[in-house]
Structures are given as structure tokens and as C-alpha cells.
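Taking it in order: structure first as C-alpha cells, then the write-up.
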Amino acid sequence: MYVAVKGGERAIKNAHAWLAEERRGDPSVADLSVAQIREQLALAVDRVMAEGSLYDPDLAALAIKQARGDLIEAIFLIRAYRTTLPRLGASRPVDTGVMACDRRISATFKDVPGGQVLGPTFDYTHRLLDFMLAAEGEVMPAPQAEPCDAPMPRITGFLDRDGLIGQEAPSDDPPPDLTREPLEFPADRALRLQALTRGDEGFVLGMAYSTQRGYGRNHPFVGELRVGMVAVEMEIPELGFAVEIGEVVLTECETVNQFTGSKTEPPQFTRGYGLAFGHSERKAISMALVDRALRWEELGEDNVGAPAQDAEFVLAHADNIQASGFLEHIKLPHYVDFQSELELVRRIRAEAAATSAVRAVAE
Amino acid sequence: MSCIDTRKEWMGLLARAPAGLLAELCAGLGSEPGFAWLRPPETGGVMLRGRMGGTGAPFNLGEMTVTRCALRLVDGGAVGHAHVQGRDRDKARRAALIDALMQTARAEECRDRVLVPLSTQMEQQRQARAARAAATRVEFFTMVRGED
């Protein structure tokens, strides 16, 4: 039961005023601009875009500022804003095969056509705090080399050509959209991928890690990881043709996993797939591992009861806005709920006390 | 440099253009021609799609902000459309105006003063990233380990 309670307006108003002041911090320290967040906290911006499910770096940076750096709160702000936008349409599926790659690596083949390109990575850094960053110094420009315009074909394409990996069935059917229809189970792979790409990075990482530790192990190799810019094209009905409407940075991970096969089909590798907004490697790799774990049924594997194989468990708990909404609501007033429980427990105690008093008299 | 010969190509270029650069280049065309809105700028979301495994069936990846508009030039009545990434109404208006002007006698002027410099600068930026990426390409070499 909900009962409206009045009061607290002044306290709430003053709390929000104080929040604004705390957000600003020490006024003798320069104010942080949205552009500074967008440019210098770019990976936080990417995470807010991926889990907020809206690609707009300026809005994500503003949300991070407003949320005082609480990324889940920032994601909440983006999700709320997103619901106010009219849907103008859907893009054509992006072609990550022609991505302008900042980074492209393969853990399965050393000598891949197009090469191994490390890009701006934390990998191979020593994870030692760099106190030089505390002293504001100029950054040296990064070295450059002659750009190589050779195409970077998909690694899985080579395996595919030889029939060594399961094929992706080509299709152009419009996919289901969980922002339009509530997520229901069983969820097909398109829905699972949509839920995973906007899912909480920490949750998806934990699920992926659980498969590596043996809860539904699927022996993944990172066949390929690529990060870079892809063009977004949309069909414009008024024009009767498709035009590019922008470009986005995406991270894509294709895993090559252990085999399936049967009496009629020779064994072949299987795939997991991750694709996320921005430079989000941990997310994309985690997504690929969980995608692969959730495919147990279509690949004819046993359900060993691992959490990462349970689509309902994974997808219903991956969304950090749903989760934190339900979790955090319990800190809001529940006075009446609690009052009823309090009365109940007092009555039970009184009854128990009365019963034992009667028993004592009887003895 | 990307091609700008067809309407599809110049519309794509305008959509991807940095708003500041587009404004700067459009200023070079003098005062804006008179126009009437067919559809005033409207910001909305476009659902981006990817493909499973990069090549398979499509799935929904998430939305992106897009601003669209359509206008008709007072002089001659050419219609310009724009669907541009982001929430910048001015950018959408400029993109639609250039699209309209490209269908008029001022096409050559628009190409020289706006589209070509836009394309050149954006290509330079792309090359600057590609050059940095190329410098991080791994050159493997094999260590020869002699046993004797």
C-alpha cells in the first residue's frame, strides 16, 4: 500500500542546493568543462554511451559532470534523456569489416593480413602511477608512420573459408528491440546481444570471468579485437536512397571457441561476438564470452547449470539501471510497510508470550 | 579524399562534418539564401544496428542522436534535406542549405568553397589517426636460439 506523505520539501530543496555546491567542489579549483570530460575522460564517456545506449559524447560528458563522476547515475541520466527522443528510424547494420581501425589485434594468428596494430592501449604499460601527470606538462606528439591502406579482413573469415568455424547465417530481418517490447524469455540471440551491449560492464565481466573459471567453460580465443570508426548509414524514405548520417567509434570482439560437431558434421570452432559503443575492450570481450555461453542450446551443448548459461538470469540482471532502481528504492520511505510488519511482529510476540504464560499456569 | 560527386556522397560528407568547420566554410558563401522550412530541425534517436559475428543477422546496438530537417529555397525552389549526427540544429540547417544549393547554379561554388575543403580537412584528420595507428603496427621478428 502506498500512502502519500507531505512534508520534507524544504529539506529536499536544500539537499539539492548543497548537492550542487558539493558537485562544484572547492571553488578555488578551476571548474571542469564538459569538453574537458569528453576529451580527457573519454573512456568514462564511452562507458556511459554504451550502457546509456545512446551515442552522443557531449551528452555523456555532461551526464558525468552532473552525476559527480558516478557513472551509473550518469547512465541513468542518459537513459532518461533517451526516452524523450522521437525515434527517427534504424540504421543499416554497420559494416565493421571496413572500420577505420585505431587498433586491431588477433590472439590467434601472428601474421594476419593488415597486421597487428596496437593503437592507444593500456596493454604492456607497467601500471605504475605516473606522477608526471600530476605536474601539468605538455604531451609529446605520438610517432607517425606511413598509413597502410591495405584492407583488414576479418580473422574469422579465414577460418570460415576453410569451413573451420560455424557460419553466421546471413539475414536482413529487422531484429527485435527490447526498448520497444519488454524482454521475454526465451530470448533470441539478437535480443541477448542487445541486452549484453547495454548491460553493466562489471556484471558482464563477472559473468564472462565465471565461464573462464569453469562455470560453463567454452575455451575462448580472441580471434580478433578491433577498435575504430565506422560510418552509419540510414535509408531516407523521402530521398529513396541511403545516406551516411554520421560515424561512431565501436569496439568489436570475435572469439573463436572450442568445437562442436556431430556424426554428420566434422568438428568446427564456434563463435562469440561482442560489439559496443566507444573504446570498450573489456566490455566487448566479456560480451563475446557471455554470448558464446548463452548459445549452448543452439550449438547442441549440455546445460551444465552454470549461471552464464542461464539467459534469464544473465539478461534480467545485466541492466544496471533496472538493478539500481530496484535496489536503491528501498532507501526511500517505507514507513507504512514497516509499521505493518512492526505491528505483526509485536502481535506474534504477544501471542507467544500469552501462550507460554498459559502453559506455565497449566503446569 | 572521399568522392563528392553524387548527392548521396555530399550528404554523407555534410553529416559527418565537424559543426564548427562547416559553419566556418559556409560563412565563406556570404549571407544565407532565403528558404522556407518544409520540416524544421528536429532531434531524435536513430537505432544503430550491428550484425552477429560482423556478417550475420542484424541486432540492435543502441541509439545515436540525429537532427533532421528539410527546406525549400525561395529562389528556384530547390529542396534540401539533412540527417546529421548530434543535436546541432545549425549544423542540420547548413547541411540542408548546401544540399539545396548543390542542385542549383551555385553548385560549383558550394563544391569549391565548402565540400572540397571539408573533404580535404576531414581526410587529413583521418590520415593523422591512420598514421599514428601505423606507427603501432607490430613488426615481429624471430629470435634465433642456437643450441650450440
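Proteins get letters first, then strands, A, B, ... in listed order; numbering begins at 1 in each. These numbers come from a predicted model, not from an experiment.
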Problem set entry | Residue-level interface, residues 90-106 of chain B with chain A, non-hydrogen cut-off under 4.5 Å |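 So far as heavy atoms go, nothing in residues 90-106 of chain B approaches chain A to under 4.5 Å.
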Exercise. Which members of residues 126-139 of chain B, sorted by number, sit under 4.5 angstrom from chain A on a heavy-atom basis?
Worked result: B/Arg126, B/Gln127, B/Ala128, B/Arg129, B/Ala130, B/Ala131, B/Arg132, B/Ala133, B/Ala134, B/Ala135, B/Thr136, B/Arg137, B/Val138
Exercise. Counting heavy-atom pairs under 4.5 Å to chain B, which of A/Asp291, A/Leu59, A/Thr96 comes out on top?
Worked result: A/Leu59
For this session: Just give me the residue among A/Glu254, A/Glu238, A/Glu146 that pairs up with chain B most often, heavy atom to heavy atom, under 4.5 Å.
Result: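 Looking at each option in turn, the highest pair count goes to A/Glu238.
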Problem set entry | Value rounded to 0.5 Å, distance of OG1 in A/Thr179 from CE in B/Met47 |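 A/Thr179 OG1 to B/Met47 CE: 4.0 Å, rounded to 0.5 Å.
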Answer whether the closest heavy-atom distance between the side chains of [X] and [Y] falls below 4.5 Å.
X: A/Asp160; Y: B/Thr55; answer: no
X: B/Glu42; Y: A/Pro86; answer: yes
X: B/Gln85; Y: A/Val248; answer: yes
X: A/Phe277; Y: B/Met64; answer: no
X: B/Arg68; Y: A/Leu88; answer: yes
X: B/Glu63; Y: A/Arg82; answer: yes

Exercise. Is the shortest distance from a Lys or Arg side-chain nitrogen in A/Asp177 or B/Arg49 to a carboxylate oxygen in the other one below 4.0 Å?
Worked result: no
For this session: Side chain from CB out, backbone as N, CA, C, O: work out which of these in B/His81 comes under 4.5 Å of a heavy atom of chain A, or both, or neither.
Result: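 For B/His81, the contact with chain A is made by the side chain alone.
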Exercise. Side chain, backbone, both or neither: which part of A/Pro176 has a heavy atom under 4.5 Å from chain B?
Worked result: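 Only the backbone of A/Pro176 comes within 4.5 Å of chain B.
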For this session: Please state whether the side chain, the backbone, both or neither of A/Glu252 comes within less than 4.5 Å of a heavy atom of chain B.
Result: side chain
